[in-house]
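Notes for the one structure printed next.
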Amino acid sequence: MKIAVIPGDGIGPDIIRQAYKVLDRVGKVYQMEFEYQEVLMGGAAIDQTGLPLPEETLKVCQSSDAVLLGAVGGAKWDTLPGHQRPEAGLLGIRKGLGVFANLRPAILFPQLKSASTLKEEVLGDGLNIMVVRELTGGIYFGQRGRQDSSAGQEAWDTEAYSTHEVERVARVAFEIAKGRKKKLMSIDKANVLESSRLWREVVCKVAQEYPEVELDHMYVDNAAMQLVRNPRQFDVIVTSNMFGDILSDEASMLTGSLGMLPSASLGEGNLGLYEPIHGSAPDIAGQNKANPIATILSAAMMLRYSFGRQDAAAAIERSVGNVLDQGFRTPDIMQPGMKIAGTEEMGDRIAANIS
Ligand code: NAD
């Protein structure tokens, strides 16, 4: 299995090193062979080539079976114009790989309940919500503009969706729901927006192909409220680009630990892009302080969604739980009475616990 790896900037190389350890170990135990090819993106690419996403990088990624990304960005490149900044590489690679469905699980490990801002009784025995966000359409890509008017300047952005765009992301969400609790919540604003009314119609049509999955709908304002009131009512959520941007951040912060959360972005084939949701954390780069779990869990998602290896993915997730049970914590999730571990030790322990 060919994996293109983008270590990136800041803590990127620190956390990617830990993912290698875990993948090598899981490969041995589950008889899989990985071939890694490291490529440049973000600040590291700007320094060496002048571009945030060199053509060669995109080519290697497109011809791989999966792409694993650390994080990009840092103060050094913050003064460059938008299209030359490290983050332009992120948008470019998502577009270049055609990944239209962004999967962001919000998982609260029961061992880390106290990290959440919610009360223990709301959290029960932990949280596990999967947000599926449409990634390449909607208002972030629609027509926009400005013009002078009698009331000063006027500006507009357009939320537009086609049947095809909604169908394909809905299918991804139904497939995921099928493999979990068979419950899907589609979130829209169909009481006001025409684009949401089309969204709802299409999701209902796709639902006919998945009679085993129970589909519900919720308005986005209510969903934002329900996520903090009773988050355990949700299992899989599917929503548009902008609503998903906002709700997935809200859902992930319910877990209180940025360093724990992975993500996957999927397209039509098996090729996917896997990355932690956090940034390059320049404040702790190279200090053996970064939590590598988000990246390690992103590698687990890669095994599940690009390589179809549910067994090996589950083994990584179990191992993370075991190491937390043993009381090891990186500084960001440290709690009284636990044992502090650096980035390297955490990676070593998670790799060693895989069985
Ligand atoms: P950040 O996520 O990098 O850091 C926010 C805070 O969380 C910092 O205090 C950091 O130390 C901490 N943190 C983040 N990840 C951690 C981890 N794995 N372990 C322990 N602590 C962790 O967000 P920011 O500070 O707003 O951004 C820093 C840079 O990252 C910026 O250049 C930004 O543009 C970039 N960024 C990149 C991505 C990406 O590559 N996908 C995403 C967001 C931000």
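Ligands are counted one by one from 1 in listed order, and the atoms in each one are counted from 1 as well.
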Contact check: H278 vs ligand 1, nitrogen or oxygen atoms, below 3.5 angstrom: yes
For atom 17 (C) of ligand 1, the protein heavy atom that lies nearest, with its residue and separation: N291 N, 3.7 Å
Top protein contact for atom 1 (P) of ligand 1, by heavy-atom distance: G279 N, 3.6 Å
Flag for N128-R180: side-chain donor and acceptor within less than 3.5 Å: yes
Location of contacts on L69 toward ligand 1, heavy atoms closer than 4.0 Å: neither
Carboxylate-amine/guanidinium proximity below 4.0 Å for E120 and K113: yes
Nearest protein heavy atom with distance in Å, relative to atom 32 (O) of ligand 1: G74 N, 3.0 Å
Any donor-acceptor pair under 3.5 Å from T255 side chain to A106 backbone: no
NZ/NE/NH1/NH2 to OD/OE distance under 4.0 Å, E175 and R171: no
Pairing of E317 and R304 as salt bridge, 4.0 angstrom limit: yes
Sub-4.0 Å atoms of ligand 1 with respect to non-hydrogen atoms of L258: 2 (O), 7 (O)
Nearest protein heavy atom with distance in Å, relative to atom 25 (O) of ligand 1: P282 CD, 4.8 Å
Any non-hydrogen protein atom less than 4.0 Å away from atom 27 (O) of ligand 1: no
Region of I15 engaging ligand 1 - heavy atom pairs below 4.0 Å: neither
Worked check of side chain to side chain contact (heavy atoms under 4.5 Å, CB included) between Q18 and I350: CA-CA 9 Å; Q18 315 315 314; I350 294 169; over 6 Å; no
Top protein contact for atom 12 (C) of ligand 1, by heavy-atom distance: A281 CB, 4.4 Å
Subset of ligand 1 atoms that lie under 4.0 Å from at least one heavy atom of A71: 40 (O)
Ligand 1 N/O within reach of K289 N/O, cut-off under 3.5 Å: no
Ionic contact status for D188 with R200, cut-off 4.0 Å: yes
salt_bridge(K289, D14) N-O dist < 4.0 Å: no
Atom 9 (O) of ligand 1 [closest protein heavy-atom partner, distance rounded to 0.1 Å]: D283 OD2, 3.1 Å
Shortest non-hydrogen separation from G8 to A44 and the atoms involved: O-CB, 4.2 Å
Shortest protein contact, atom 37 (C) of ligand 1 (heavy atom only): V72 O, 3.0 Å
Atom indices of ligand 1 within 4.0 angstrom of E275 heavy atoms, with elements: 41 (N)
Shortest protein contact, atom 21 (N) of ligand 1 (heavy atom only): I284 CD1, 3.6 Å
E209 atom CD, neighbour heavy-atom count above 12 within 6.0 Å: yes
